[in-house]
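This report refers to the structure that appears directly beneath it.
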Amino acid sequence: MVRTRYINELENLKNEIILYSAIVEKMLMDMKVTIETAAEDVDIKDQLQEIESKEDEIREYNRNIETLCLKIMSTQQPVAKDLRFVSSTLNIIRNVEKIGGHVIEVAGLLNFVSIGEDFTEEILDMCLSTKKMLKSAIDAFITGDLEESYKVIASDDKIDALFSHIMSEVVEKIGDKKDDALRLIDIIQIAKYFERIGDNAESIADWSVFSITSKHYE
């Protein structure tokens, strides 16, 4: 009976992680659609408001999963492998929360700045790539897939390269278009948020590696 309850609580924890990350994955996909809509000169205020409205839901999920983790650790005395999974979860949900927060911060900027044709394609690439990183990192963690965890860690190089390229473009454009400097600086900030999202997805994959091997990726 006790063992059955223990297994059920671990399965419930896994399901809650999947549901939590799915909310943030959808935020990233909604952001992609919003950026595409903005590129067509369509008003996006309602879409941005919908993304920003997810803040309370993210915090509530974070608290609930944290409570589940602490309950399992204090009442079930999990064995080493399960203990690593639960302790890794406590770190991973912070990364998921940060990712959601960065998406909301991008939405806040888009209330005032237009990405413009010159950067839309690259920002969309960063948005979709980070969404895929998050999903793959969570899937790898839930299934204990070490190889997939390593792939997610390696894929952050693409996000870093996109950010560096946008930085170089902005520096070049500011020299030619000083009257557009404020928008270009905001573009850097948007790209930086996506770069941080990539870093957090990479961190999730690193905690997945730890959960499986008891060692962080080197």
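Only this structure's heavy atoms are used, side chains among them; waters, hydrogens and symmetry mates stay out. The shown structure was predicted, so the numbers you read here are calculated from the model rather than taken from an experiment.
Checked against side chain to side chain contact (heavy atoms under 4.5 Å, CB included), T120 has the following partners two or more places apart in sequence or in another chain: I35, A39, I115, L124.
Between the S155 side chain and the V152 main chain, a donor and an acceptor come within less than 3.5 Å of each other. One N or O on the side chain of S21 and one on the backbone of I17 form a donor-acceptor pair closer than 3.5 Å. Under a 3.5 Å cut-off, the side chain of S136 and the backbone N or O of M133 do not form any donor-acceptor pair. In this structure, the side chain of D206 does not engage the main chain of E202 through any donor-acceptor pair within 3.5 Å.
With rounding to the nearest 0.5 angstrom, the NZ atom of K192 is 6.0 Å from the CZ atom of R196. Atom-to-atom distance recorded for L48:CG and S53:OG is 11.0 Å, nearest 0.5 angstrom. Here the CG atom belonging to N64 is positioned 14.0 Å from the CZ atom belonging to R59, to the nearest 0.5 angstrom. The line from CD of E50 to CE of M31 is 11.5 Å long, rounded to the nearest 0.5 Å. Separating the CD atom in E169 from the OG atom in S164 is a distance of 11.5 Å, to the nearest 0.5 Å. D180 contributes atom CG, which lies 8.5 Å from atom NZ of K173 (distance to the nearest 0.5 angstrom).
A pairwise comparison of heavy atoms in I159 and S129 identifies CD1-CB, 3.5 Å as the closest pair. Across every non-hydrogen atom of S203 and N95, the tightest pair is OG-OD1, 3.3 Å. Across all non-hydrogen atoms, the minimal contact from T89 to C69 is CG2-SG, 3.5 Å. Closest approach of S149 and A205 over heavy atoms only: O-CB, 3.5 Å.
Under the 4.0 Å criterion applied to side-chain N and carboxylate O atoms, R5 and E9 are not assigned as salt-bridge partners. We find that R94 and E97 are not joined by a salt bridge, their nearest charged nitrogen and carboxylate oxygen being 4.0 Å or further apart. Between R63 and E66 there is no salt bridge, since no side-chain nitrogen of the basic residue lies less than 4.0 Å from a carboxylate oxygen of the acidic one. Under a 4.0 Å N-O distance rule, the pair D199/K98 does not qualify as a salt bridge.
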- [ ] For side-chain contact (heavy atoms from CB on, under 4.5 Å), just list the numbers for E148 and T143, CA-CA rounded to whole Å, side-chain angles, deciding distance to a tenth of an Å, and then say yes or no.
- [x] CA-CA 10 Å; E148 186 63 25; T143 61; over 6 Å; no

Task: CA sep, side-chain torsions, deciding dist, call: K54, K26, side-chain contact (heavy atoms from CB on, under 4.5 Å) - done: CA-CA 10 Å; K54 296 296 181 182; K26 186 177 185 303; 5.9 Å; no

TODO: Please step through side-chain contact (heavy atoms from CB on, under 4.5 Å) for the pair I174 and V170, ending with a clear verdict.
DONE: CA-CA 6 Å; I174 284 179; V170 166; 3.7 Å; yes

- [ ] Go through I190 and F119 one step at a time and tell me if the side-chain contact (heavy atoms from CB on, under 4.5 Å) criterion holds.
- [x] CA-CA 11 Å; I190 289 170; F119 291 103; over 6 Å; no

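Between D139 and D145, every side-chain heavy-atom pair lies at or beyond the 4.5 Å cut-off. With a 4.5 Å cut-off on side-chain heavy atoms, V96 and I23 do not count as touching. A heavy-atom distance below 4.5 Å is found between the side chains of I123 and I166. In this structure, the side chains of I104 and M27 come closer than 4.5 Å at one or more pairs of heavy atoms. Side-chain contact between L128 and M29 is present, with at least one heavy-atom pair separated by less than 4.5 Å. Residues N200 and L134 are not in side-chain contact: their nearest non-hydrogen atoms beyond the backbone lie 4.5 Å or more apart. Side-chain contact between I204 and I99 is present, with heavy atoms from C-beta onward closer than 4.5 Å. With a 4.5 Å cut-off on side-chain heavy atoms, R183 and D118 count as touching.
Under the 4.5 Å side-chain heavy-atom criterion for Ile, Leu, Val, Met, Phe, Trp and Tyr, L90 and V79 are members of the same hydrophobic cluster. Both L28 and L19 are assigned to one and the same hydrophobic cluster, defined by single-linkage of ILVMFWY side chains at heavy-atom distances under 4.5 Å.
The salt bridge (charged side-chain N to carboxylate O under 4.0 Å, His left out) with D125 is formed by just one residue from the set K158, K132, K131, K32; it is K158.
In this structure, Y217 shares a hydrophobic cluster with L146, Y150, I153, V209, I212, the cluster being traced through Ile, Leu, Val, Met, Phe, Trp and Tyr side chains under 4.5 angstrom apart.
In this structure, Q189 places its CD atom where more than 12 heavy-atom neighbours from other residues, nucleotides or ligands lie under 6.0 Å away. By the neighbour-count criterion of 12 heavy atoms within 6.0 Å, atom CD of E36 is densely surrounded, having more than that number from other residues, nucleotides or ligands.
The ring-ring contact (aromatic ring centres under 6.0 Å, His included) analysis of residues 43-95, with sequence neighbours excluded, yields the pairs Y20-Y61, F85-F141.
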